[in-house]
Amino acid sequence: MPQRTAVVTGASSGIGAATARLLAQQGWHVVVGARRVDRLEALAAEIGGTAHALDVTDQASVDAFCEAVGPCHLLVNNAGGALGTTSVAEADDAEWLRMFEMNVMGTLRLTRALLPQLIASGDGQVISIGSIAALEPYPGGAGYNAAKHAVKALTRVLRLEMKGRPIRVCEIDPGLVETEFSLVRFFGDQERADKVYEGMTPLTADDVAEAIAWVASRPAHVNIDQLLIMPRDQVSAQVVHRTV
Ligand code: NAP
């Protein structure tokens with residue numbers, strides 16, 4: 001079988017980088033995208049993949065990235081994240097808009113642009129990374145909750161609209177995963193980010209990558225629609241067993 005191509009967005013860190021590594025190990029040609037090109041190029045060299053700059057919030061960047069992709073069987077919409085924990089009463093418009101741009105519009109832009117190639121492949125797949133935040137709202141999470149709920153809606157609608165087409169659509173919703181996610185959410189405050197994982201064992205990026213690679217490697221007739229994955233210590237969005 002000729003080598004199949006997977007696109008992984010947000011592959012300069014965390015879940016995206018781990019997914020790119022694992023898919024490459026499993027025989028995929030992986031095209032990685034993110035804004036930090038130095039990291040991407042090092043990763044692409046390591047895994048024998050291809051790196052292209054990508055800012056999912058910028059349609060021109062998405063167009064240039066997708067033009068360079070060519071034939072494609074798998075799109076992993078992973079780029080995204082949270083910004084801040086402000087309440088609804090004190091919501092910051094810029095944070096909300098940015099979260100919608102990177103999580104929702106980013107997923108829409110990449111999916112829309114690559115759908116023709118994915119359909120033409122005869123066995124295409126879109127895997128979007130949602131979050132427990134797409135299922136359970138929590139105080140201080142409104143902007144991120146709303147964005148990931150929107151990703152869920154987009155993903156469900158895509159699944160319905162692709163009825164009869166050779167495309168599988170999946171959403172994977174992780175709980176706490178120790179990556180740069182909290183550092184970004186707390187605007188570089190390492191101490192605050194570390195507290196999120198204090199006294200508990202979070203998922204690793206590799207744990208989520210394994211789930212993504214598993215979903216991607218099911219036979220063509222099997223569609224894993226949704227997966228919720230949490231650490232044993234996390235029993236719901238904000239209920240976490242901690243030893244401290
Ligand atoms: P991470 O380590 O912060 O990685 C986020 C990735 O997204 C980075 O590679 C970043 O790359 C990329 N990204 C951010 N903005 C982008 C943009 N405008 N254009 C292109 N790429 C962009 O966090 P992670 O935990 O791996 O997050 C991956 C996904 O998992 C996100 O969708 C996140 O919401 C979701 N998630 C994470 C957790 C968790 O606890 N960690 C839980 C549930 C869901 P650049 O900065 O180089 O562009």
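Order of listing sets the numbers, starting from 1, for every ligand and every atom in it. Along the sequence shown, residues are numbered consecutively beginning with 1.
At a threshold of 4.5 Å between non-hydrogen side-chain atoms, the residues Val235 and His241 do not count as touching. Residues Arg232 and Thr201 fail the side-chain proximity criterion, which asks for heavy atoms closer than 4.5 Å. Considering only heavy atoms from C-beta on, Val56 stays 4.5 Å or farther from Arg109 through its side chain.
Taking a 4.0 Å cut-off on heavy atoms, Thr9 fails to register as neighbouring ligand 1. Between Gly81 and ligand 1 there is a heavy-atom distance shorter than 4.0 Å. Note on ligand 1: Pro202 sits outside its first shell, no heavy atom being nearer than 4.0 Å.
Among the atoms of Ser12, some N or O lies under 3.5 angstrom from an N or O of ligand 1. Between Met102 and ligand 1, no pair of N/O atoms sits closer than 3.5 Å. Looking at Ser131 next to ligand 1, no N or O pair under 3.5 Å apart turns up.
If you look at Leu54 next to ligand 1, the close heavy atoms, those under 4.0 Å, all belong to the backbone.
Using cut-offs of 30° and 60° on the angle between ring planes, the pair Tyr144 and Phe181 is tilted.
Distance from atom 37 (C) of ligand 1 to its nearest protein heavy atom, with residue and atom name: Phe181 CD1, 3.7 Å. Nearest protein heavy-atom neighbour of atom 22 (C) of ligand 1: Ala79 CB, 3.7 Å. Nearest protein heavy-atom neighbour of atom 12 (C) of ligand 1: Gly10 CA, 3.5 Å. Counting only heavy atoms of the protein, atom 44 (C) of ligand 1 lies nearest to Gly130 O, 3.1 Å. Nearest protein heavy-atom contact of atom 4 (O) of ligand 1 is Ser13 OG, 3.6 Å. Nearest protein heavy-atom neighbour of atom 14 (C) of ligand 1: Arg35 NH2, 3.5 Å. The single protein non-hydrogen atom nearest to atom 42 (C) of ligand 1 is Gly175 O, 3.0 Å, given as residue, atom name and distance. Of the protein's heavy atoms, Val177 O, 2.9 Å lies nearest to atom 41 (N) of ligand 1.
Counting Ile, Leu, Val, Met, Phe, Trp and Tyr side chains that sit under 4.5 Å apart, directly or through other members, Leu183 stands alone, with no cluster partners.
Considering only non-hydrogen atoms, atom 7 (O) of ligand 1 lies nearest to Gly80 out of Pro174, Ala11, Gly14, Gly80. One option in Thr179, Asn78, Ile172 has a heavy atom closer to atom 28 (C) of ligand 1 than any other, and that option is Asn78.
When each atom of ligand 1 is checked for a heavy atom of Arg36 under 4.0 Å away, the hits are 8 (C), 10 (C), 11 (O), 45 (P), 46 (O), 47 (O). Interface of Asp55 with ligand 1, defined as ligand atoms under 4.0 Å from a residue heavy atom, comprises 17 (C), 18 (N), 19 (N). With ligand atoms numbered from 1 in the order given, ligand 1 contributes 18 (N) to contacts under 4.0 Å with heavy atoms of Thr57. Below 4.0 Å from some heavy atom of Lys148 lie the following atoms of ligand 1, by number and element: 32 (O), 34 (O).
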Ignoring hydrogens and angles, write down the donor-acceptor pairs under 3.5 Å from the side chains of residues 75-84, residues two or more places apart or on other chains.
{"residue": "Asn77", "atom": "ND2", "partner": "Thr111", "partner atom": "OG1", "Å": "3.0"}
{"residue": "Asn77", "atom": "ND2", "partner": "Ser128", "partner atom": "OG", "Å": "3.2"}
{"residue": "Asn78", "atom": "ND2", "partner": "Thr9", "partner atom": "O", "Å": "3.1"}
{"residue": "Asn78", "atom": "ND2", "partner": "Gly10", "partner atom": "O", "Å": "3.0"}

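Across every non-hydrogen atom of Phe100 and Gly143, the tightest pair is CE1-O, 4.0 Å.
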Candidate pair Arg159 and Gln226, rule side chain to side chain donor-acceptor pair (under 3.5 Å), full reasoning: CA-CA 11 Å; Arg159 170 88 168 110; Gln226 299 180 51; over 6 Å; no
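Asn223 CG to Gln125 CD: the interatomic distance, rounded to the nearest 0.5 Å, is 7.0 Å.
Electrostatic pairing of Lys195 and Glu198 counts as a salt bridge here, judged by a charged N lying under 4.0 Å from a carboxylate O. Ion pairing of Lys152 with Asp173 is present here, as a side-chain N (NZ or NE/NH1/NH2) and a carboxylate O approach within less than 4.0 Å.
Between the side chain of Ser121 and the backbone N or O of His73, no donor-acceptor pair lies under 3.5 Å.
Judged purely by distance below 3.5 Å, without hydrogens or angles, the side chains of Gln26 and Ser217 never pair a donor atom with an acceptor atom.
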